[in-house]
Amino acid sequence: MFSIVVVTVFLASCLAMPIKDPYSYSSAVGQGGGTPFASSGEGRITGVRVWETNNNYYYYYYYYYNSNAYINGFQLRYGNTWSPVFGNEGGVKQEMELFNDEAIVEVSGKYNPADYIGYLVLTTNNGRTLSAGQPSQISFNFYPANMGSELRLLSGRFNGAGITSIGAHWGLVYTEGSGNSTENSTGNSTSY
């Protein structure tokens, strides 16, 4: 009888322990000038668009090299709805649609502390990546502090030319029917 009481008290104390916060934040990197932004939407992220400018100048005779590559802007899709474009749509567009139960679990890249985010890589739990820009300057690597968390939103600042700082917010997504799907014009569900 005593052992039943001890086990009951132990189990009750386990239930009373606080649950670790499933959310985390990767602090923003970059110069940080311009207009603040924070993406948001319902459900999980199902698609990403990134616009990049690659203006590389090489003068071998004078040994001059100037890599003026940076991220102009980006857009996230939550469920079936695209967020506004943060930054601008100038330059070359890179796009990735996520598969069912696929999530972004790492954001990395490079930034120039004097101006823009120069290189951005988004990596999924399936190992797929979307990369934009050119890898030069100072590296950063964002990932969730807790197992099972995924990218929920990006925040930072942008000006008329591009993204000047970026940070990542991580958390759990509670979805009824997990997976990425869209409704087509006939009302049928199409999975990606």
Side-chain angles (χ1 to χ4, degrees), residues 25-41 43-60 62-99 102-144 150-170 180 182 192:
Y25 171 64
S26 300
S27 297
V29 297
Q31 176 249 31
T35 306
F37 70 83
S39 65
S40 66
R44 71 181 346 155
I45 296 171
T46 59
V48 181
R49 293 176 179 153
V50 179
W51 287 268
E52 64 179 324
T53 294
N54 289 322
N55 297 327
N56 294 319
Y57 305 102
Y58 299 92
Y59 298 98
Y60 291 111
Y62 295 104
Y63 301 104
Y64 174 77
Y65 169 75
N66 177 21
S67 178
N68 190 20
Y70 55 90
I71 304 302
N72 294 75
F74 73 91
Q75 187 177 34
L76 300 176
R77 187 177 71 197
Y78 291 89
N80 300 327
T81 306
W82 285 100
S83 72
V85 174
F86 300 103
N88 68 65
E89 298 177 49
V92 177
K93 178 175 77 171
Q94 305 288 336
E95 185 169 354
M96 177 171 65
E97 290 195 17
L98 277 60
F99 297 128
E102 186 174 28
I104 297 170
V105 295
E106 182 179 0
V107 177
S108 57
K110 303 230 178 208
Y111 70 98
N112 182 338
D115 53 27
Y116 300 106
I117 304 299
Y119 183 57
L120 189 63
V121 180
L122 303 165
T123 305
T124 73
N125 57 343
N126 289 350
R128 295 193 315 139
T129 61
L130 177 141
S131 64
Q134 291 296 315
S136 65
Q137 299 293 329
I138 300 170
S139 297
F140 66 90
N141 190 14
F142 300 154
Y143 50 88
E150 62 189 71
L151 182 67
R152 294 295 303 126
L153 65 98
L154 293 171
S155 63
R157 291 182 173 267
F158 67 91
N159 63 21
I163 305 296
T164 60
S165 71
I166 195 165
H169 302 252
W170 308 94
N180 303 328
T182 60
Y192 293 101

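Each residue takes its place number in the sequence, starting with 1.
Here Ser131 contributes atom OG and Leu122 contributes atom CG; the two are 9.0 Å apart, rounded to the nearest 0.5 Å. Here Ser26 contributes atom OG and Tyr143 contributes atom OH; the two are 8.0 Å apart, rounded to the nearest 0.5 Å. Atoms CD and CG, from Gln94 and Leu130 in turn, are 6.0 Å apart once rounded to the nearest 0.5 Å. Note: Leu98 CG to Asn126 CG = 8.0 Å, rounded to the nearest 0.5 Å. Rounded to the nearest 0.5 angstrom, Ile166 CD1 and Leu120 CG are separated by 5.0 Å. Here CD1 of Ile117 is found 10.0 Å from CD1 of Ile138. Values are rounded to the nearest 0.5 Å.
With hydrogens and angles disregarded, a donor-acceptor distance shorter than 3.5 Å links the side chain of Asn72 to the backbone of Thr53. At least one donor-acceptor pair closer than 3.5 Å links the side chain of Ser83 to the backbone N or O of Leu76. Looking at Thr46, its side chain does come within 3.5 Å of a backbone N or O of Gly79 through a donor-acceptor pair. Listed for the Asn159 side chain is no donor-acceptor partner under 3.5 Å among the backbone atoms of Gly33.
Asn54 approaches Ala69 most closely through the heavy-atom pair OD1-CB, 3.3 Å. Looking at every heavy atom in both residues, Asn88 comes nearest to Gly160 through ND2-O, 2.8 Å. Considering every non-hydrogen atom in both Lys110 and Phe140, the closest pair reads N-CE2, 3.4 Å. Heavy atoms only, all atoms of each residue included: Gly32 and Arg157 are closest at O-CD, 2.5 Å. The two residues Glu102 and Thr124 make their nearest non-hydrogen contact at OE2-OG1, 2.7 Å. Heavy atoms only, all atoms of each residue included: Val50 and Ala132 are closest at CG1-CB, 3.6 Å.
Contact check for Val107 versus Leu151: side-chain heavy atoms found under the 4.5 Å cut-off. Gln137 has its side chain within reach of Pro113: a pair of non-hydrogen atoms, C-beta onward, lies under 4.5 Å apart. Side-chain contact check for Thr164 versus Asp115: every heavy-atom pair is 4.5 Å or farther apart. Residues Phe142 and Ile104 fail the side-chain proximity criterion, which asks for heavy atoms closer than 4.5 Å. Residues Asn141 and Glu106 have side chains in contact (heavy-atom distance under 4.5 Å, counting atoms from C-beta outward). Between Tyr25 and Ser155 there is a side-chain heavy-atom pair separated by less than 4.5 Å. Using a 4.5 Å heavy-atom cutoff, the side chains of Ser39 and Phe86 are in contact. Contact annotation: the side chain of Trp51 approaches that of Gln75 to within less than 4.5 Å [non-hydrogen atoms, C-beta and beyond].
Listed by first then second residue, pairs satisfying ring pair (Phe, Tyr, Trp, His ring centres under 6.0 Å) with a partner in residues 111-130 read Tyr70-Tyr116, not counting sequence neighbours.
Ion pairing between a basic and an acidic side chain is recognised when a charged N comes within 4.0 Å of a carboxylate O; Glu89 and Arg49 show no such pairing. Ion pairing between Arg152 and Glu150 fails under the 4.0 Å rule for side-chain N and carboxylate O.
Taking the six-membered ring where tryptophan is involved, the planes of Phe74 and Phe37 are perpendicular, since the angle between them exceeds 60° and thus also 30°.
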